[in-house]
Every structure is written in C-alpha cells, then in structure tokens.
Protein chains: 2
Amino acid sequence: MFTHSEENYLKTIYHLELDSEKGISTNAIAKQLETKASSVTDMVKKLSEKEVVIYKKYKGVTLTAFGKKTAANIVRKHRLWEVFLVEKLNFSWDEVHEVAEQLEHIKSPKLINQLDAFLSFPTHDPHGDPIPDKNGNLKTIEKSLLSTLQKNECGICVGVDDSSSEFLQFLDKKGIILGEKITVLEKEEFDDSLQISIQDKKLSISNKIANNLYIKKA
Amino acid sequence: MFTHSEENYLKTIYHLELDSEKGISTNAIAKQLETKASSVTDMVKKLSEKEVVIYKKYKGVTLTAFGKKTAANIVRKHRLWEVFLVEKLNFSWDEVHEVAEQLEHIKSPKLINQLDAFLSFPTHDPHGDPIPDKNGNLKTIEKSLLSTLQKNECGICVGVDDSSSEFLQFLDKKGIILGEKITVLEKEEFDDSLQISIQDKKLSISNKIANNLYIKKA
DNA sequence: ATAAATTTTTAGACTAACCTAAAAAATATA
DNA sequence: TATATTTTTTAGGTTAGTCTAAAAATTTAT
C-alpha cells in the first residue's frame, strides 16, 4: 500500500511521463509538487525500493509497469470523482479539482467499482480528459488544438489543455462548452485570433484561447 | 484546520462523552484508538492548545463548545457518507464503516452540503444512528433496548448498539431490518430469550441479541 | 577541453505522531 | 493511614516527510 505522499509522487511522475519519453528529472517533479529537489531525491529512493520506479542517480526516474498501473489507478479515481461531483453534486468544472485531489486517495476497490457503475462507466472527466480503465489503460483519442484548424474547418470541442479555474470560468462566460461543434469562420493573420461559431453564436477568441482548447476534427 | 489524527481524537472523545458525563480519561481514549496512553497525553496537550478540549493533568479531558461542534461535524460527514454508500452504491450496512472512516476526513463544506441534499437530507445513518445537523446538533430520540419490552408489547426496530459486521450480518441472516415492527410473543424467564414476530415471521432470539437492538416503543 | 553554470545528491536538522520505560500522581486496599 | 496498585505523565527515542546548506555530478558555454 502507498501513502498519500507516495501516491502524489506517482501521479506526478505519471503525468510528466505522458509528454516526455525520457526519464523524469528530479527538478521537474519538485516543480510540479511545489517541493524541494532534495525531498524528491529521498522519496524517489523509497519508491524505487518499492519497485514502482526505476531510479539511477542523476538520471531521473521512469515508472515500472507496476508503478504505471498504480498511478493510472489514482488518476482513474481522481477523474471518476470529478464526474461524480459535476454530474451528481452540481459542482461546476472549475471547482472539482481540489476535492478530487483528496478523494483520489480513498482506498476501497469496491467504492470505485460501484462509483464507476453509478456514473454509467464514463470515459472522460468534465475537462475532457480520458479516464483510465480498471487495468490502467488509457484510450487516447486523436485530438488537435483549435488553433490548428483552418478557415471554414470545424470540430467538436473535446477538452482543455489548461484546466485552471480562471480559464474554465472564462470558457463558461464565453459559452464554450465541451461536446459542442465549433466552426472557424475567420482566421486573422495579424494576431492569429479566430472568429468562430458555436451553438449558433459567433464569437472572437484570441490565439491564447485557441491554443488551450482541444477539438476532434469532424 | 485539523489533521487526520487530531480529527480521530476529537471524534473519539465526542463519542466517549456521549455516555459518561465526567471528563474522559487518557486510558479510555487510548483503548478506543488502540494507541498508548502516552501518545494520548501528547495529543491532548496539542488539542488543548488548539482550544478544542479542556485538559487538566490527571483529570481527563472535555470538549469545548468549539471542539464539540468540530467533532459533530466529523460524525456528520461519516454518517452521511454511510448513507451514500448504502443508498447509492449498494454497499450493505456491514461494509460501510471502514470506507466512511476515510471519507469523513475529506475537507469541503460544499461537498457535504451537496451530498446532504443529494441524499434528501437523511436524519439517520444505516445503523439507525442520528446524523448531526450543520450546527452539530444531535436529535436524540427516545429508544429502548428490545430486551426491555414485555410480552405482547411491540416497537419499531430503529437501531443497533453493536454495529460490528458480525452482528449486522447475523441480523441480515435472521431477517431483522431497521424500520420494521417487532412484537414480543413470548419472553422466556429461564434465559431471557424472546420469541418475536417481524414481517409476519416468527423467530427466537437470545438475550444477547435483544440487548443490542434498539426499538422505538409504539 | 576547460571553466562556469546548473542540477542532483548528501548531510544534518525539524515536526508530527507515534513508541518504551521510568517517574509521579491518584486511587484502592489492608 | 500507610502501602500497594493503577493511571497518567515525562523523558527520550523512532519514522516519514519535509527543509537548508554544502558537496558532487552533469551539462553548457567559451
């Protein structure tokens, strides 16, 4: 079994591994967890003894198969709880992260299986991120940044890259909702801003926004 | 804010105070928490500094008003989660305690308020124990042990004294369910066993069982 | 390729929450 | 009431997880 803290390290390494290929550096982990590199070194040694990571001094860490499965399970719990909070308890998508950070550490396989069923086996969390299955496998869909669409192309809005509450609230205000179809009406060369239509509304969004929204090409 | 461990101490003191009147002894707390008296002394000093208990050396502890409210809130969370597990996730009443022990430490007022509403503001947990309200107030109903009923008297089964999974599973096996009417058909002087009827079934139960079942006199 | 800068590790210290063993206080008993 | 027993506290130690500061290894730049 893993402690609260060990689980946080595993989850962080898991997320960092998803976009990096190479071993994860001590500093990268420290930055993500808002802790010191020396603390990371200590913990990484312990995780290595528990056989969830491979660690060679000065070389960073990689998850073992066991570590990956363990980490995916924590992410699975996090995302299932997020769905629960939004679907059943009327949380908005910018409020769920903190609470899910706590709930993800609850240890009870039955709880998670039943929750999964209660939620009708969701495949994605409220931000569009995929929920790992019981074996820790992620089904990654081919998604692109909205900024890659050309004029007159369209796609379904499927996720966000930045899931800070500021950004999510901004999307709420603009009326940009996951699952809706977005069409690019104009693309401004000057500042890469876009004129888009969503749900029969037209709106103009900056490149920064378009770089944080994922769409599935239709 | 209180740590996991501090919350467990508060909850324990709260429960012990419910049937004792006097200050709670170091040993009583240690026994309940399966820890050592010296550990209790340490923690009790810390709780006293945080103004949730009154502590005088060698005299035991009592909760302050603030401590009582804090503790009641933990109990409230525990019992609401138990209702959730039974009502929504198909746990049986003998499986919920362990998981609720973890869930009760989740910190999010909104979560608990929404959960309360989602469950339609339940007043009792699956074992018949009352759920403290938002202000930490408990509505205690007048209940009696089944063993105090005389021949031909009856009552509604409203709770259990022993909520060990062994006892709860035993009740399941016998078909004794909270909310049902129980009538005492015979009372055996020799061993204080009872012949009762519940849901049109007749069954014989020992004094030990009758001493662990609460009924509300009709 | 050597020096400078950065990253990582080590060494030593701190806090929370526990422990054991011994001392002190309270309570029970003769 | 004096003594024995029990309860509680104190003193000192342990472990997990963190920290700072210094040393060592690696990487970058000249």
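Just so we're on the same page: letters track the sequence lines, and every chain starts at 1.
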Quiz item: Are A:D133 and A:R76 close enough for a salt bridge, meaning some N to O gap below 4.0 Å?
Solution: no
Quiz item: Rounding to a whole Å, what distance do you find between B:M43:CE and D:dT9:P?
Solution: 15 Å
Self-check item: Expected output: side-chain B:N90 to main-chain B:V86 donor-acceptor under 3.5 Å
Solution: no
Quiz item: Between atom NZ in B:K45 and atom P in D:dT8, what is the gap in whole Å?
Solution: 14 Å
Exercise. Please determine, for the side chain of A:S38, which listed nucleotide (D:dT18, D:dT20, D:dT10) has the closest atom?
Key: D:dT20
Practice problem: Indicate, with a heavy-atom threshold strictly under 4.0 Å, whether A:T41 touches base, sugar-phosphate, or nothing. | Solution: base
Quiz item: Does the pair A:I74 and A:H78 meet the rule for a side chain to side chain contact (heavy atoms under 4.5 Å, CB included), with working shown?
Solution: CA-CA 6 Å; A:I74 301 164; A:H78 183 104; 5.7 Å; no
Quiz prompt | Position toward the 5' end of DNA chain D (nearest nucleotide), A:K59 or B:K57 | solution = B:K57
Quiz item: Rounding to a whole Å, what distance do you find between B:K56:NZ and C:dA26:P?
Solution: 13 Å
Quiz prompt | Of the listed nucleotides C:dC18, D:dT26, D:dC19, the one nearest the side chain of A:K36 | solution = D:dC19
Quiz item: Should the pair A:K88 and B:F118 be classed as cation-pi, given the thresholds of under 6.0 Å to the six-membered ring centre and 45° from the axis?
Solution: no
Quiz item: What is the ring orientation for B:F84 with B:W81, classed by angle as parallel under 30°, tilted 30 to 60°, or perpendicular over 60°?
Solution: perpendicular
Exercise. Could you check which residues of residues 19-35 of chain B get a heavy atom under 4.0 Å from DNA chain C? Sort them by number, please.
Key: B:T35
Quiz item: Hey, does the Lys NZ or Arg CZ of B:K69 hover above the aromatic six-ring of B:Y14, less than 6.0 Å from the centre and inside 45° of the axis?
Solution: no
Practice problem: In whole angstrom, give the distance that lies between atom CG of B:D42 and atom C1' of D:dT10. | Solution: 9 Å
Quiz item: Base, sugar-phosphate, or nothing: which does A:S39 touch, judged by heavy atoms less than 4.0 Å apart?
Solution: base
Practice problem: Give a yes/no answer on whether the side chain of B:Y58 brings an N or O atom under 4.0 Å of OP1 or OP2 in D:dT10. | Solution: no
Quiz item: Roughly how many Å is it from OH in B:Y55 to C1' in C:dA25, rounded to a whole number?
Solution: 11 Å
Quiz item: Honestly, is B:K110 close enough over A:F91, meaning NZ or CZ under 6.0 Å from the six-membered ring centre and within 45° of the axis?
Solution: yes
Exercise. Whole angstrom is fine here: how far is it from CG in B:L47 over to C1' in C:dA16?
Key: 13 Å
Exercise. Stems involving DNA chain C: give each as a range paired with a range, ordered by first number, where a stem means at least three consecutive Watson-Crick or G-U wobble pairs under 3.5 Å.
Key: C:1-30 with D:1-30
Quiz item: Looking at B:K50 and B:E6, does any basic side-chain N land under 4.0 Å from a carboxylate oxygen?
Solution: yes
Quiz item: Any ion pair linking A:E188 and A:K151 (charged N to carboxylate O, less than 4.0 Å)?
Solution: no
